[in-house]
Amino acid sequence: DSVAAIPTNSWTHVAGTWKAGEGIKVYINGRLDSTQLDAGLGAFTSDVAYAVCLGSSGMGPGTNTFNGGLDEIAVYGRELSSSEIAALHAAGSAGKEPSQCAPPPANLVAWWPGEGDGRDLAGFSDGTLENGAVCVEGLVGQAFSFDGVNDCLAVPDSALMRPTNL
């Protein structure tokens with residue numbers, strides 16, 4: 001559970017990390033907000049194939065949907081340090097855009113910037129905008145916009161995205 005309230009109608013940088021034995025850490029605007037130890041998370045399995053629907057918390061459109069915008073969604077193959085997360089937040093509207101700032105942190109597995117489509121700039125997990133999801137003006141160029149009904153960015157199963165491979 002987050003300690004800080006995430007404001008509505010403004011861009012907020014939210015990052016989460018997971019490391020076996022340490023659990024999940026949630027950062028809001030570059031600062032550590034909360035932690036959840038592994039003991040309360042249950043088991044991660046890597047032998048199950050599943051797609052991800054960004055814009056919903058479930059494994060398919062319409063499951064615990066999100067109403068709002070997401071910009072510069074990225075997945076790394078390692079836990080980012082608190083200083084790396086602070087630097088990503090400090091980049092602001094420059095984001096991870098290669099022409100405007102330093103390259104993103106190492107071990108980038110997937111990067112969906114939302115620039116008009118669901119392309120993964122890391123090159124492994126292109127997604128598809130489904131059920132009315134669109135790209136609109138964002139913090140960094142364009143961003144994904146979800147209406148909270150049943151739309152999402154559907155990303156097919158990939159072994160690279162499975163928790164035990166990250």
Side-chain angles (χ1 to χ4, degrees), residues 1-2 4-18 24-30 33-34 36 41 44-46 48-77 80 84-85 88-101 103-105 107-163 165-166:
D1 292 328
S2 175
I6 297 175
T8 57
N9 301 315
S10 66
W11 288 105
T12 302
H13 184 264
V14 178
T17 65
W18 171 77
I24 293 175
K25 296 177 185 174
V26 176
Y27 295 80
I28 297 177
N29 290 329
D33 177 73
S34 61
Q36 170 72 46
L41 298 176
F44 287 120
T45 60
S46 65
V48 177
Y50 56 86
V52 174
C53 261
L54 301 169
S56 76
S57 65
M59 295 302 157
T63 308
N64 298 316
T65 57
F66 176 74
N67 184 6
L70 296 174
D71 201 357
E72 298 284 306
I73 303 167
V75 175
Y76 295 86
L80 296 184
E84 287 173 315
I85 291 171
L88 288 171
H89 171 256
S93 63
K96 293 182 291 292
E97 191 66 38
S99 64
Q100 297 180 30
C101 66
N107 298 92
L108 183 65
V109 172
W111 175 20
W112 302 278
E115 298 303 317
D117 57 29
R119 219 168 1 120
D120 170 15
L121 294 188
F124 304 107
S125 301
D126 287 343
T128 304
L129 295 169
E130 293 190 354
N131 300 323
V134 295
C135 293
V136 298
E137 182 179 344
L139 181 65
V140 181
Q142 290 187 310
F144 300 108
S145 179
F146 304 104
D147 63 13
V149 178
N150 67 349
D151 52 354
C152 72
L153 173 65
V155 178
D157 174 59
S158 168
L160 290 171
M161 297 286 290
R162 295 183 189 162
N165 292 331
L166 295 175

Determine yes or no for a side-chain-to-main-chain donor-acceptor pair under 3.5 angstrom, with [X] supplying the side chain and [Y] the backbone.
{"X": "N131", "Y": "N150", "value": "yes"}
{"X": "D71", "Y": "L139", "value": "yes"}
{"X": "T65", "Y": "G148", "value": "yes"}

For a quick test of reading the model, state the closest non-hydrogen atom pair linking [X] to [Y] and the distance between them.
{"X": "V26", "Y": "I24", "value": "CG2-CG2, 4.2 Å"}
{"X": "G77", "Y": "V109", "value": "N-CG2, 3.3 Å"}
{"X": "A133", "Y": "C152", "value": "CB-O, 3.7 Å"}
{"X": "D126", "Y": "P156", "value": "O-CD, 3.2 Å"}

Taking only residues two or more places apart in sequence, or in another chain, which ones meet [X] in a side chain to side chain contact (heavy atoms under 4.5 Å, CB included)?
{"X": "S125", "value": "W112, D120, V155, S158, M161"}
{"X": "Q142", "value": "E115, C135"}
{"X": "S10", "value": "P7, T12"}

Worked check of side chain to side chain contact (heavy atoms under 4.5 Å, CB included) between E72 and W111: CA-CA 7 Å; E72 298 284 306; W111 175 20; 3.2 Å; yes
Decide side chain to side chain contact (heavy atoms under 4.5 Å, CB included) for L80 and L88; before the verdict, give the C-alpha distance in whole Å, the side-chain angles of both, and the deciding distance to 0.1 Å. CA-CA 10 Å; L80 296 184; L88 288 171; 3.9 Å; yes
